[in-house]
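Chain letters run A, B, ... following the sequence lines, proteins first and then strands; every chain starts at 1.
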There are 2 protein chains.
Amino acid sequence: MTHPQIVTEQSPAEKSRLWLRYLQQQGYRITGSRRAVVDALAQAERSLTAADLYEIGRAKHKGLGLVSVYRTLEKLEELGLVQRVHGPGGCHAYISAQDGHNHMLVCENCGRVEMFEGDDLKDFTRNLEKQSGFRIHEHWLQFFGVCTECQA
Amino acid sequence: MTHPQIVTEQSPAEKSRLWLRYLQQQGYRITGSRRAVVDALAQAERSLTAADLYEIGRAKHKGLGLVSVYRTLEKLEELGLVQRVHGPGGCHAYISAQDGHNHMLVCENCGRVEMFEGDDLKDFTRNLEKQSGFRIHEHWLQFFGVCTECQA
DNA sequence: CATTATAATGAAAATGATTTTCAATATCAT
DNA sequence: ATGATATTGAAAATCATTTTCATTATAATG
């Protein structure tokens with residue numbers, strides 16, 4: 001097991017621009033609704049539910065419907081730009097995904113998410129496959145706790 | 001990281017008996033509905049949803065209601081006897097929990113769950129705390145794949 | 001720039017999982 | 001056996017999500 005390395009991201013504005021361009025490249029149209037949802041997700045420091053995004057997105061695009069939030073999330077998830085956050089407190093929130101293989105550290109209080117990499121589970125996985133007979137495709141490594149702000 | 005060790009369990013009958021006794025010790029009454037749900041969970045080789053338990057439990061206790069399934073699951077989860085299985089395919093299934101700190105290997109096809117221990121993430125956790133400032137309470141380590149039966 | 005095919009929209013209704021309410025019933029201490 | 005009350009199932013309510021559908025907005029084309 002190597003040391004964890006916290007992953008840092010590009011700026012929200014840039015992220016938002018890239019995502020919209022990518023959506024367009026994939027044949028999707030850029031609309032006010034999509035822009036609003038993408039911006040909200042790109043700026044978020046914590047994980048957001050569809051309802052959160054609806055509320056935040058409405059500030060930018062008055063007519064935004066909850067249905068479009070779901071539809072945009074669906075597309076962003078398909079394209080690997082966004083991922084669902086699963087935790088003891090629920091599984092209804094989304095956060096922007098990071099490239100490559102990395103994992104999450106989630107604040108149980110405010111939903112803030114840090115991504116990290118540096119887990120090295122190859123040997124462990126191979127042993128587990130041998131012992132269990134399973135063919136392993138994927139793993140999740142997640143930590144839950146309280147972030148610095150919420151500790152105060 | 002030490003080697004994974006697959007955890008084996010006591011017999012379904014014994015498990016069921018222990019759980020019911022424990023429920024009673026906690027002040028809960030033993031009823032036909034609870035017995036049916038507990039038996040189904042104790043015998044399960046794979047994770048089961050409330051609807052699964054309703055169907056299976058009805059064979060043992062004709063009048064079983066779905067509501068009682070949910071209420072029993074709630075209590076068993078409180079007491080740490082049962083735990084929810086979270087995965088890419090959903091988070092609606094339950095499996096009997098194992099004592100101590102251990103993790104899951106889940107078949108994406110049939111829902112079969114193997115529990116294992118032997119992860120040693122203490123150092124990794126300490127480093128992650130230092131780097132992030134989070135106070136970490138808990139972690140999940142889960143593997144997903146296809147079990148031997150489903151490979152055939 | 002105007003036209004147009006059609007992708008995307010929001011509202012309302014539908015769905016699926018879970019929870020609440022409530023009057024009837026079963027459990028267990030006495 | 002009795003009685004206090006925990007537990008029940010059915011129906012209704014709730015919450016997250018999806019589907020339907022007629023209308024509107026986007027972007028490719030002339």
Side-chain angles (χ1 to χ4, degrees), chain A residues 19-41 47-79 82-94 111, chain B residues 19-41 47-79 82-94 111:
Chain A
W19 288 13
L20 288 168
R21 185 193 303 164
Y22 189 38
L23 277 169
Q24 197 158 41
Q25 282 170 356
Q26 297 305 308
Y28 297 116
R29 294 178 179 178
I30 303 309
T31 67
S33 298
R34 286 190 180 151
R35 215 183 289 275
V37 174
V38 163
D39 282 1
L41 280 163
S47 62
L48 298 171
T49 64
D52 292 337
L53 287 165
Y54 177 62
E55 199 189 321
I56 298 170
R58 256 167 164 326
K60 183 150 293 182
H61 181 70
K62 59 174 183 53
L64 178 64
L66 185 53
V67 187
S68 287
V69 174
Y70 281 107
R71 285 190 281 224
T72 303
L73 280 172
E74 188 182 38
K75 272 148 196 86
L76 294 174
E77 201 176 14
E78 262 171 37
L79 300 178
V82 135
Q83 69 188 249
R84 192 186 280 260
V85 178
H86 296 262
C91 311
H92 297 189
Y94 290 81
Chain B
W19 288 12
L20 288 167
R21 186 193 302 166
Y22 190 38
L23 277 168
Q24 197 158 41
Q25 283 169 355
Q26 297 305 308
Y28 297 117
R29 294 178 179 177
I30 303 309
T31 68
S33 298
R34 285 188 181 151
R35 215 183 288 275
V37 174
V38 163
D39 282 359
L41 279 164
S47 61
L48 299 171
T49 63
D52 292 336
L53 286 164
Y54 177 63
E55 198 188 322
I56 299 170
R58 258 168 163 325
K60 182 149 294 183
H61 181 71
K62 57 174 185 55
L64 177 64
L66 185 54
V67 187
S68 288
V69 174
Y70 279 107
R71 285 190 281 225
T72 303
L73 280 172
E74 188 181 40
K75 274 151 194 86
L76 294 173
E77 201 177 14
E78 262 171 37
L79 300 178
V82 134
Q83 69 189 249
R84 192 185 280 259
V85 178
H86 296 260
C91 311
H92 297 188
Y94 290 81

J.: Distances for protein N/O vs nucleotides 1-3 of chain C N/O pairs under 3.5 angstrom?
T.:
none

J.: Can you give the donor-acceptor pairs under 3.5 Å from side chains of residues 19-29 of chain A to other protein atoms, not counting sequence neighbours?
T.:
unit_1: A:Y28; atom_1: OH; unit_2: A:E78; atom_2: OE1; d: 3.4

J.: Where along residues 20-29 of chain B does a heavy atom come under 4.0 Å from DNA chain D, residue by residue in number order?
T.: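 The stretch gives B:Y28, B:R29 as the residues lying under 4.0 Å from the strand, ordered by number.
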J.: Between A:G57 and A:A36, what is the shortest heavy-atom contact and its length?
T.: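 Nearest heavy atoms, A:G57 then A:A36: O-CB, 3.7 Å.
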J.: Say you draw a straight line from OG of B:S68 to CD of B:E74; how long is it, rounded to the nearest 0.5 Å?
T.: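 With rounding to 0.5 Å, OG (B:S68) is 11.5 Å from CD (B:E74).
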J.: Could you tell me if the side chain of A:R71 sits less than 4.5 Å from the side chain of A:V67, heavy atoms only?
T.: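 A side-chain contact under 4.5 Å exists here.
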J.: Give the B/S/- string for nucleotides 13-24 of chain D, one per nucleotide from 5' to 3', where a protein heavy atom under 4.0 Å of the base yields B, of only the sugar-phosphate yields S, and otherwise -.
T.: ---SBBBB----
J.: Could you tell me how far apart B:K75 (NZ) and D:dT8 (C1') are, to the nearest whole angstrom?
T.: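 The answer, rounded to whole Å, is 11 Å.
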J.: To the nearest Å, give me how far apart CZ (B:R35) and P (C:dA26) are.
T.: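 It works out to 15 Å between those atoms.
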J.: What pairs with A:A50 under side-chain contact (heavy atoms from CB on, under 4.5 Å), at least two apart in sequence or on another chain?
T.: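 A:L66, A:V69, A:Y70, A:L73.
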J.: How long is the span from the CZ atom in B:R34 to the CG atom in B:L76, to the nearest 0.5 Å?
T.: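 CG of B:L76 is found 9.0 Å from CZ of B:R34.
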J.: How would you list, by chain and number, every residue that makes a salt bridge (Lys or Arg N to Asp or Glu O under 4.0 Å) with B:K75, sequence neighbours excluded?
T.: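 Salt bridge (Lys or Arg N to Asp or Glu O under 4.0 Å) list for B:K75, sorted by chain: empty.
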J.: Heavy-atom distance under 4.5 Å between the side chains of B:L64 and B:V37, does that happen here?
T.: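 They are in contact (side-chain heavy atoms under 4.5 Å apart), so the answer is yes.
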J.: Can you tell me if B:S68 touches the phosphate of D:dT7, counting only side-chain N or O atoms and a distance under 4.0 Å to OP1 or OP2?
T.: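 Result: no.
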J.: Please set out all donor-acceptor pairs under 3.5 angstrom arising from side-chain atoms of residues 83-91 of chain B, sequence neighbours excluded.
T.:
unit_1: B:R84; atom_1: NH1; unit_2: B:C91; atom_2: O; d: 2.7
unit_1: B:R84; atom_1: NH2; unit_2: B:Y94; atom_2: OH; d: 2.9

J.: If the condition is salt bridge (Lys or Arg N to Asp or Glu O under 4.0 Å), which residues does B:D52 pass it with, not counting sequence neighbours?
T.: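 Partners of B:D52 under the salt bridge (Lys or Arg N to Asp or Glu O under 4.0 Å) test: none.
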J.: Which heavy-atom pair separates B:A40 from B:I56 by the least distance, and what is that distance?
T.: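 Of all heavy-atom pairs spanning B:A40 and B:I56, the closest is CB-CG2, 3.7 Å.
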J.: To the nearest 0.5 Å, how far apart are CG in B:L48 and CD in B:E55?
T.: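 Going from CG on B:L48 over to CD on B:E55, the span is 10.5 Å.
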J.: Please identify each residue that fulfils ring-ring contact (aromatic ring centres under 6.0 Å, His included) with B:H92, with sequence neighbours left out.
T.: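 Result, ring-ring contact (aromatic ring centres under 6.0 Å, His included) vs B:H92: none returned.
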J.: What integer distance in Å separates A:L64:CG from D:dA25:P?
T.: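 After rounding, the gap between these two atoms is 15 Å.
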J.: State whether A:R34 places a side-chain N or O below 4.0 Å from either non-bridging phosphate oxygen (OP1 or OP2) of C:dA7.
T.: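 No, A:R34 has no side-chain N/O under 4.0 Å of OP1/OP2 on C:dA7.
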J.: Taking the nucleotide of DNA chain C with the closest heavy atom to each, which residue, B:T31 or A:T31, is nearer the 5' end?
T.: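 Here A:T31 is the residue nearer the 5' end.
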J.: What bend angle does the helix from C:dC1-D:dG30 to C:dT30-D:dA1 show across its length, from five-pair end axes and to the nearest 10 degrees?
T.: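 Between the first-five-pair axis and the last-five-pair axis there is 40°.
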